[in-house]
Structure formats: structure tokens, C-alpha cells
Amino acid sequence: MYRSTSCNTLRKENAGQSVTLAGWVNSRRDHGGVIFIDLRDREGLTQVVFRPEEHPQVAEASHGLRGEDVIQITGLVSPRLQGTENAKLATGQIEVIASELTVLNKSDVPPFQIDSKVANEDLRLTYRYLDLRRSEMKQNLKLRHRVAKSTRDFLDEQGFLEIETPILSNPTPEGARDFLVPSRLNPGSFYALPQAPQQYKQLLQVAGLEKYFQIARCFRDEDLRADRQPEFTQVDLEASFITAREIQTLIEGLLSRIFKESLGVDIPVPFQRMTYAEAMNRFGSDKPDLRFGVEIVELSDVFAHSQFKVFRSVLDNGGVIRAINAKGAASALSKEQLKKWEEWAKTELGAKGLAYIRLKEGEWESPIVKFFSEEEKKALASKMGFEEGDVLFFGADKPAPACEVLGRVRLKVSELLKLTEGSKELKFLWVVDFPLLQFSPEDNSWVAVHHPFTRPKAEDLELMEKGEFAEVRAEAYDVVLNGVELGGGSIRIHEKELQSKLFAALGIGPEEQQHKFGHLLKAFSFGAPPHGGIALGLDRLVMLLCGADSIREVIAFPKNNRGVDLMTHSPVEVEHKLLRDLSIASTVKKA
RNA sequence: GGAGUCUUAGCUCAAUUGGUUAGAGCGCCGCCCUGUCACGGCGGAGGUUGCGGGUUCGAGCCCCGUAGACUCCGCCA
């Protein structure tokens, strides 16, 4: 037995007990005579005292201890001397007076100090096993475990079965780039790592499993971000004979359970609901952050008779004039900065421009205000609540791009004015009635907004028959927290004919349908039940719960921005023989 | 594929307008210290300022290139 208890259990009541502890030397305070060691294990810290007058040989040996040495000590739990208690430590009322010391393993001097902040993420990832020794990282992983446990408990209670689906599966015709795995037994053929267990979970519904869930690893070969890794984890679920509303209620229950059991926070249910159309019109985003206002206002009527050429031509071509009011931003935005913002809108957002008006010391400062009539100015001010110190930003374009640009400006305003800084608010939201299809000028075809198995809303089926794809809404929903998409799902198509029609709308002909989705269409012909589901991004959820600003902080061994594991150096070049066995060859030219 | 920020000691950072031998804290090493918990005291080691080039009497600082890290856009059904 290496130890009788952990480093976070001993309290005043344990005084007089003989204990054995094992762990790492967190810090040492060597007074020449008496020596203190903070011993650390996963659970916490305990102060160990080496006293030369009581155990001279052990005390002598303790002089040689250094940070991160792994040791085992046996000793007597004692109350700390009067006035030397440490209120910052859970075990601060006691100390262990060591009578035995075993050095289990010496440590080299670590490349960074375990108990301090390290900014260099490169170094942290290279020595991830040391980085994870820091209590902050341990807390994050513990919380992640807590969330997974709550999820399993809750869904089990709701009658869901945890079922694993294949990691070696097929490439997905649409969507993200796949990771491919060559098949040795089938030369020239490839598996793909799943982007999501989508088809399998639907086939489990056809199989009659009724309620499935999985904490599923998913893979996408796309560029990385603070909130994106090539492999990530989803809480994935699917159920039969269920409505969209029922799935939403289930997820509200799940999130309530998670927040309660991980943070001790009660979140209000049901969540607010908003259609996609409303979210776009009011906030210019399909995942609006509702912790602040700055809503988009329709101004087309104000400028209906405008002589301002830019607005005039936009309106005459079926566009709209809309604006947001950045309340009190005038002092934070100089004329130079406003010009920079305009430049940003043009280059990064592809906007034609970003007109603005700054109201400072009673003056309307703007390159465009001279084109406005007095009536227009009056109506504008009243409609926008435009007051001293405010800045208005205009979007003049077709409704969708106008809102998108203003939505992005809205977020930039929030960032500038620190509207959400220090906020503890949790604004949950369901965004519903997403469009089913979106025209892609790039591919010159319609593409699925969600995925090709998403069910059109019953009342829009007629529009679909007529080919008015842009107007067809989907039985799809996203759950959003503070402007972050936590997850999304939909009711699926369960009829062979309707699924085939949707494939056709996406430009997938009968032959291709059979080739790529024959298994699914066939399955649907054998009595597929109505079904639907959802997937939540576990990494993102845990990141928010931890207050971290990157999912790398809640993943034990993440990859860096270029998809490299700095610790193991993965991915690596492989020997030619390995490639030959797989019947593949690299086209990379060696330098 | 594009934009931005950054790169100085093991770590976190500083270095005035381009000007002496590039500093500090922590860590490390040595000595001293019997109640500390950010222990304290004395002493010490540790630097090709990411790399390459240029401008200059003189470059950590200015210019060009390059590598890497991070953030964002594109992309992510």
C-alpha cells in the first residue's frame, strides 16, 4: 500500500492518526533546521514537517528533496502550532510530522514552474503531462468528467441506451473534409473517420432501439481555431416517435442537470425560443448573444424618398436600409477608428461600405448626413433613440447581407464597450425554423443548411414541391448560450420518397443516391419510424463551464493550430514499406 | 488561401529617441538559517535578443525576407 489517504482529506479531527501519503513535492521551505514540504496529489496539498529533533535521519534526507520529486511519507497528523494555521489550504489546520521518507522517483528540474501561470502554449503542449499537473488543468478535466457523468446519468434515467458506432466508416459526400484511412485488405479503398454518427444513429432508429445516445468522438479535417479541433466530442442522441419540442425539453433537462451538478447553478427553463428569421432580423446572427441589446432597426420607410444616391439605388433594387445604435460609443470611437471599422467591413465582411453617424457635442458627424433631409434626420433620431454620445452604423444591402454585416458590427460594438465583461448571465436560446436549403453560387446548386436528412416543415412541403427551395423551412433547431452554438439537431426524414426528393433537390441523381445512400433509402423502405435528435459540442460546453477561452484547455492532449501534437510529434512521416502495404504512395516531393 | 499580433535568460517580463558590459522577479546551483506556507539572508551560474540579410559610425529597437506560435476571415453539411 502506497498511501492510506489523499493529500486533501486530513482535518483537525484526524490529529493523532498515523498516516502514509504519496505524491509530488509541490514546494519546500528549508529553514536549515525544520523543513516544510507541501505534498501534492490529485486531490490537493498537505504540509509535511521534517523535525531534526524528532527524526534526525529523515530530516537530514529531506534536505535533498526538490520540486516534483515523487515521495512517500509516513507520519503523525498534528494540529498546527497556534498561529501557524493556513486558511488558504483545506488541510491548513494540520500538518504531518514525517517519521519515514521514501523517495519513489527523483525529478529533473521542470521546464516551467508547475504552480505559476505559463503563457507559452507551445511549451505547455510539448510538456502536456507537466501542464496537466497544474491544479487549474486538473479542475478542468474533473469538470469535464462531471459533465460526462451527469449526461450519462440523466440520459440513462430517460431511457436512452449508450451505443457505440463505427469509427471506421464511409466518407461523407457533403460537408467537411474527411480523414481517410486506407484499407490494407481492400487495396485502393478507404474508410473515413466519422464527422458525426449521423447515419448510424438514424439506422439505430430503423432498428427499433428507440432512444440512443453516445459521447461520440468526431473528426473533421478542417483548419483549427480556438474552439475547433480535428477531433472533438459530441453528446449525440437520437430518438423515435419524438417531436422537436420534446427533444428541446429533454435537452433543457440535460443542461439543467449538467449546470446544477457541475457548477451548482440553477438555469431557468424552458429556454427562450426565436425563429431563424427573427434572429437574423433583430441580431444579424443565427446564434445571437442576448446578454445585450443593440438590435437592428428597419429604416427603409424613413429613407423611402431619400435623395441620397447610395440608399436610393439599394432601395430601388429591392434592398433595405437598417442600422444599429452603439449607445455611448462616440468617445471610444475616433474618426480614424470609424474609418478603420469601415475598412474592416469592406475587406473582412465583404460589405460595400459601413456608413456611420457619430453624435458628439450636438454635432452629427458623418460623411453621409449632408444628404439627409431634416425630416429624415428627425425620423431617424426618433426611431433609433439617437442621443448625445451614440454612434449609428448602417447596413444598406439586400436584407440578408445587410443583417449579417450589422450582426458582426454588433458583436464588435459589444467587444469595444465591454458589454458582457464580468457578466455571470446565462442566456440560453432555441433558434428554430432554419431554412432547409441554401443556394451556393460557388457550386451553382442548392446545399443543405443543416444536413441532407433534415425534415422540411410540414407546412412548407408544398413550397418544396413547387421548387421554391429558398422559402422552405426545416424542422431544425440550435441551442445557443451567450452567443455560442452549443448544439443543433432536427427531426429527420423517415420516408424513402421524401428523402429521395431532397437528394434530388441537392442535385444528387438517382444513380448517385443509390451509390452513396442506398443503404439508408433501403432501410427507410422497411418501416422506419419518425425520429429526430440533436448533438451538443461537449468540448465547447465544458469550455464555457470552466470559463476557458479555448477548447484546448479542456482537452487532455489537444493539437495545436496546425493539427500537430507537439508532445508526440503526431502526425509523422511513415516508412515506405508501410505505405506499400496499404497500396498508397505519397505525392509529396522530398526537399 | 488571406489578415493581424507576437517571438529577449529555464519561465514571466523590462530595456527612454537607434548609443556603455541587454536587466528584474521566479526557478536553478552553493553557503547560512528550527515555524514557514510567495519563508528569509549572502553569493553564483545562466543570453548567437527565433533565423537570414540590409541600412547605419553604431541595431533587441529601423527595413526586407524567412520560420514558428496565437487570434480572426475563408473553410467547418
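We name chains A, B, ... by the order of the sequence lines, and we start the count at 1 in each one. Because the structure is a prediction, the values reported are computed rather than measured.
- Listed by chain and residue number, A/Trp446 satisfy the ring-ring contact (aromatic ring centres under 6.0 Å, His included) test with A/Phe469 (two or more places apart in sequence, or in another chain).
- Heavy-atom neighbours of A/Trp24 CH2 from other residues, nucleotides or ligands within 6.0 Å: at or below the threshold of 12.
- Side-chain N/O atoms of A/Arg228 include none lying less than 4.0 angstrom from OP1 or OP2 on B/C73.
- At a threshold of 4.0 angstrom between heavy atoms, the contacts of A/Leu45 with the nucleic acid are absent.
- With sequence neighbours excluded, the residues forming a side chain to side chain contact (heavy atoms under 4.5 Å, CB included) with A/Met280 are A/Tyr276, A/Asp286, A/Glu404, listed by chain and number.
- Contacts of A/Ser116 classified as side chain to side chain contact (heavy atoms under 4.5 Å, CB included), with partners at least two apart in sequence or in another chain: A/Gln113.
- Pair check for B/G30 finds B/C42; Watson-Crick or G-U wobble, both atom distances under 3.5 Å.
- The side chain to side chain contact (heavy atoms under 4.5 Å, CB included) check on A/Ser445 picks up A/Asp443, A/Val447, with sequence neighbours excluded.
- Applying the ring pair (Phe, Tyr, Trp, His ring centres under 6.0 Å) definition to pairs two or more places apart or across chains, those involving residues 33-58 of chain A are A/His31-A/Phe36.
- Mapping A/Asp549 and A/Pro452 onto RNA chain B by nearest heavy atom places A/Asp549 closer to the 5' end of the strand.
- Listed by chain and residue number, A/Arg3 satisfy the salt bridge (Lys or Arg N to Asp or Glu O under 4.0 Å) test with A/Asp41 (two or more places apart in sequence, or in another chain).
- Partners of A/Asn140 by side chain to side chain contact (heavy atoms under 4.5 Å, CB included), not counting sequence neighbours, listed by chain and number: A/Met137, A/Cys546, A/Glu553, A/Val554.
- Under 4.0 angstrom from either OP1 or OP2 of B/C11 there lies no side-chain N or O belonging to A/Arg124.
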Under 3.5 Å, which N/O atoms of the protein pair with N/O atoms of nucleotides 66-69 of chain B?
{"residue": "B/G68", "atom": "OP1", "partner": "A/Arg562", "partner atom": "NH1", "Å": "3.1"}
{"residue": "B/G68", "atom": "OP1", "partner": "A/Arg562", "partner atom": "NH2", "Å": "3.2"}
{"residue": "B/A69", "atom": "OP1", "partner": "A/Asn560", "partner atom": "ND2", "Å": "2.9"}
{"residue": "B/A69", "atom": "OP2", "partner": "A/Arg562", "partner atom": "NE", "Å": "3.1"}

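- Among the protein residues, A/Pro111 comes within range of the sugar-phosphate backbone only, with heavy atoms under 4.0 Å from sugar or phosphate atoms but none that close to a base.
- OP1 or OP2 of B/A38 lies within a sub-4.0 Å distance of a side-chain N or O belonging to A/Lys88.
- Figure legend. B/G4 is base-paired to B/C70; pairs are counted as Watson-Crick or G-U wobble with both atom distances under 3.5 Å.
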Please list, pair by pair, any protein nitrogen or oxygen found under 3.5 Å from a nitrogen or oxygen in nucleotides 39-41 of chain B.
{"residue": "B/C39", "atom": "N3", "partner": "A/His31", "partner atom": "ND1", "Å": "3.4"}
{"residue": "B/C39", "atom": "N4", "partner": "A/Asp30", "partner atom": "O", "Å": "2.4"}

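- Taking the centre and axis of the six-membered ring of A/Phe292, the NZ or CZ atom of A/Arg410 falls inside the cone set by 45° and 6.0 Å.
- Nucleic acid contact class of A/Arg225 (heavy atoms, under 4.0 Å, all strands): base.
- No contact: A/Gln82 has no heavy atom under 4.0 Å from any strand.
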